[in-house]
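Presented below is the structure to which this report refers.
In this text the structure is predicted, and so the values were computed from the model without any measurement.
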Amino acid sequence: MASNTLHRVCGMMLIGLGLGASIRSGMFFDEDIYWIGAGFGVLLLLMTGADWHGAVQGRKNHGMGKLPEAVPSDRELRVVLGCICAILLIYVFHGIGRPLSLEGTMKEIILWGSYGSFAIAAWRACRTGPGLRIMHAGWHLLGAVLCGSALLAVYGLMELPYGIYHTADADISATGARLGGLLQYPNTFGAVMAAFLLERLFALPSVLRNRTGTLRAAAALLPLAPYTAALLLTESRGAWLAAALACAAGFAKERRALAPLLVAAAAPVASAALLYRQLADARLAPAVLPGLLWLAGLWAGGVLAGLLLCRWRHSGGPGRRYAAPGALGAAALLAAAAIVVILLQVQDRTLGGAATLSARRLMYSDAWQLARSSPWLGRGGETWRQSYLAIQSQPYVGAEVHNGYMDILLNTGIIGLLLVLILVIFMVARLIAASSRFMPPALVLIGHASVDFDWGFGLVWLLLLWLTVMGLAGGSPDEAPQHGSMATRLTRPFKRWNQLQAGYEGERAPSLLPRLRVMAILPLAAWTFLAAALGISELQERWAASEPPGRQILLLRSSLKWNPANTDGAIKLSAWLPPSEQIPLLKRSMVHAPNHPGLSWKLAEGYSLRGESEEAAAWFKRGIELDRFNPVKQTRAVLKLAALADWHRRAGDSAGAVEAARAGWDTLKRYRFLAAALHELDPFRNDRGFHLSVLAARQANRFDNTMKWGERAHAARQP
């Protein structure tokens, strides 16, 4: 009884953390990562404590004859956890050394620790029938929250900031509006909706084979239309392609499921296509009441038509030999009509989009060159974010590398990438071996990560692990795990271990288990404290934005105490401090992020305020090297150095004036050369609007006059 209660509690906490990850932008932003990671740490501490308590009670009640059942350690779990822990150790190694970003590396430690914690807790929850049912219910609840909130935002019934992305660029959106939902990013949201859609699609055969009642069949068809509509409204070509390939893989594995699935799903998908066409024409801003009536009518009509086609396919009577082909033909016509409706809406974007593809080619080329600088273990967390402004070959916009595998390669090198490939290939292979319906949705998440930064959202990894655990635990949530299921396989090693331990005498045999638990609790507690400390730092930094200056300074100082590697907090605090305090603060922060372009720039401005032209010129040069396609910084550096030269000139310091003028002139020459060389490229992308500003070009005469004045002043001093 106590074990079942523990499974239920763990399952409920897992669902709560999964929902927290979904409603907090998919666990993308730092603050959400830290607090949800701390939640996973607390969950594992509670599980470990409960196991420890159970072990003590078991020894008191049963002596040495029986050891308590521990956290599952079957082969599948060992492989998954082994890969996750190995990647985690690479980030720990970087954290001990000097990564490009200590804060980014700590964030990755929290993320991968969260993935491992989720895998352990989910595996534990799925060992019993009630726990497995809770995990299935949590999956459906999560999908309903993600899809339902997005559609409610479309109809104006729910306020969802950044849930709908508006743009006038036809290369980005054919209709001018794309659905991003709670994740605030249409491409990743599309991949997630595709995963939920395919999970429901490939769950239909079991319902259809069992010839269940009408209500249950209708319930099985009900989620198809909203998931399909949400996927279409994202206008994500990558998600559509990944869904199509994963669906084809699913049909290749289960060829007999093609005909019944087409008959059952064609009508709901066609109704979703009509709904997509209506909402796209309204740019995702339909009139509320007519729009809701249209939604209800199409949704209900799609489900009813699907039920009628299924009944037609299985109908008896004199014409039954023609029923199955007739129903299949009608379903094929509906599916073809749906495809035509979709293609007519997005044909220009589907056939075009060369601009986004060219940006990715540039990005991948630059990323590959960066990866070659540290091929085996990478440079730690946020390598691309810290480096791309300095190494990009053209001024494109892309703080994310738009390829999950490339991002892993940059962060952890070839070794880390191999570990990730082993992990995802193993998960897919085990799902295929288990003939699980969860294989196609897992393939969607794995495949789409190769063309976008899905793995920057912690929720995507959680969903992938969630699918794997449910797939290996058993197919139906309504049945407790039976012979050959994961639950049975997991208990066998522990029964054998207990039998072996029962043969020992003395206190020496069972004493190992508590020691192992103590060894696990210490790093787990440290990891949980680290996540909580980082979360407090982020929370205080966010609070500071709405406070008066005095209160802001106090909160930002406290934020840096909790997390000295918080570079954003250091930059914000430096804006309120005099140069004498600002410069030491920024230098301390640079120890944790030596290539951060913002820190170098703030240091340059701090030295310029103190009138130290030599130091200011050096840091301006460094700041521009780390963000060379920034026309605002280039122009500002030229103007600042010109102002410094004038300040020294007014003070009668000819040497300082000439030094500042020469530094400014060198900066301007590099700026001119870069702008001229860039505009000669073909093809040429200029998303950041980089050009030689008129204001910077005008400073040339100013520098010449200052240097001539300095030469005359120097000559006048000669005897």
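Applying the side-chain hydrogen bond (donor to acceptor under 3.5 Å, both in side chains) rule to Ser450 yields no partners; only residues at least two apart in sequence or on another chain are considered. In terms of the salt bridge (charged side-chain N to carboxylate O under 4.0 Å, His left out) criterion, residue partners of Arg557 (sequence neighbours excluded) are, by chain and number, Glu581. Residues passing the side-chain hydrogen bond (donor to acceptor under 3.5 Å, both in side chains) test with Asp568, sequence neighbours excluded: none. Residues forming a salt bridge (charged side-chain N to carboxylate O under 4.0 Å, His left out) with Glu103 (at least two apart in sequence, or on another chain): none. Contacts of Ser589 classified as side-chain hydrogen bond (donor to acceptor under 3.5 Å, both in side chains), with partners at least two apart in sequence or in another chain: none. Asp452 is linked by a side-chain hydrogen bond (donor to acceptor under 3.5 Å, both in side chains) to Tyr185, Asn187, Arg360, His402, counting only residues two or more places apart in sequence or in another chain. A search for ring-ring contact (aromatic ring centres under 6.0 Å, His included) contacts involving Trp461 returns Trp112, Tyr115, Trp455, not counting sequence neighbours. In this structure Leu151 satisfies the side-chain contact (heavy atoms from CB on, under 4.5 Å) test together with Cys147, Pro226, Leu233, sequence neighbours excluded.
A donor-acceptor contact shorter than 3.5 Å is absent between the side chain of Ser558 and the backbone of Leu555. Distance alone, capped at 3.5 Å, places no donor-acceptor pair between the Ser25 side chain and the Met27 backbone.
Ile446 has its side chain within reach of Tyr405: a pair of non-hydrogen atoms, C-beta onward, lies under 4.5 Å apart. Between Glu199 and Pro440, every side-chain heavy-atom pair lies at or beyond the 4.5 Å cut-off. With contacts defined as side-chain heavy-atom distances shorter than 4.5 Å, the pair Leu89/Phe93 does not qualify. Met12 is listed as a side-chain neighbour of Ile134, based on a closest heavy-atom distance under 4.5 Å.
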For the pair Leu463 and Leu142, evaluate side chain to side chain contact (heavy atoms under 4.5 Å, CB included) and give the outcome as yes or no after the intermediate values. CA-CA 10 Å; Leu463 294 178; Leu142 188 61; 3.4 Å; yes
Please step through side chain to side chain contact (heavy atoms under 4.5 Å, CB included) for the pair Cys247 and Phe202, ending with a clear verdict. CA-CA 9 Å; Cys247 191; Phe202 283 93; 4.3 Å; yes
List the steps and the verdict of side chain to side chain contact (heavy atoms under 4.5 Å, CB included) for Leu224 and Arg200. CA-CA 7 Å; Leu224 296 183; Arg200 286 292 81 204; 4.0 Å; yes
The test is side chain to side chain contact (heavy atoms under 4.5 Å, CB included); show your working for Val145 and Leu182 and say whether it passes. CA-CA 9 Å; Val145 168; Leu182 286 167; 4.1 Å; yes
Under 3.5 Å, sequence neighbours excluded: what are the donor-acceptor pairs made by side chains of residues 28-42?
unit_1: Asp30; atom_1: OD1; unit_2: Lys107; atom_2: NZ; d: 3.4
unit_1: Glu31; atom_1: OE1; unit_2: Arg542; atom_2: NE; d: 2.9
unit_1: Glu31; atom_1: OE2; unit_2: Arg542; atom_2: NH2; d: 3.2
unit_1: Asp32; atom_1: OD1; unit_2: Arg24; atom_2: NE; d: 2.8
unit_1: Asp32; atom_1: OD1; unit_2: Arg24; atom_2: NH2; d: 3.0
unit_1: Trp35; atom_1: NE1; unit_2: Gly535; atom_2: O; d: 3.4

Would you give me the side-chain donor-acceptor pairs under 3.5 Å for residues 412-420, sequence neighbours excluded?
unit_1: Thr412; atom_1: OG1; unit_2: Ile408; atom_2: O; d: 2.8

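When all heavy atoms are compared, the tightest approach of Ala195 to Val444 is N-CG1, 4.2 Å.
Note that CZ of Phe196 and NE2 of His140 are 9.5 Å apart. Values are rounded to the nearest 0.5 Å. Note: Arg430 CZ to Met439 CE = 13.5 Å, rounded to the nearest 0.5 Å. Interatomic distance, Thr105 OG1 to Leu100 CG, rounded to the nearest 0.5 Å: 8.0 Å. Atom CG of Leu534 and atom CZ of Phe529 lie 9.5 Å apart (nearest 0.5 Å).
Checked against the 6.0 Å centroid criterion, the rings of Phe118 and Trp466 qualify as a close aromatic pair.
Legend: salt bridge (charged side-chain N to carboxylate O under 4.0 Å, His left out) pairs involving residues 527-541, not counting sequence neighbours, sorted by first then second residue: Glu541-Lys572. Counting only residues at least two apart or in different chains, salt bridge (charged side-chain N to carboxylate O under 4.0 Å, His left out) contacts with residues 89-102 are absent.
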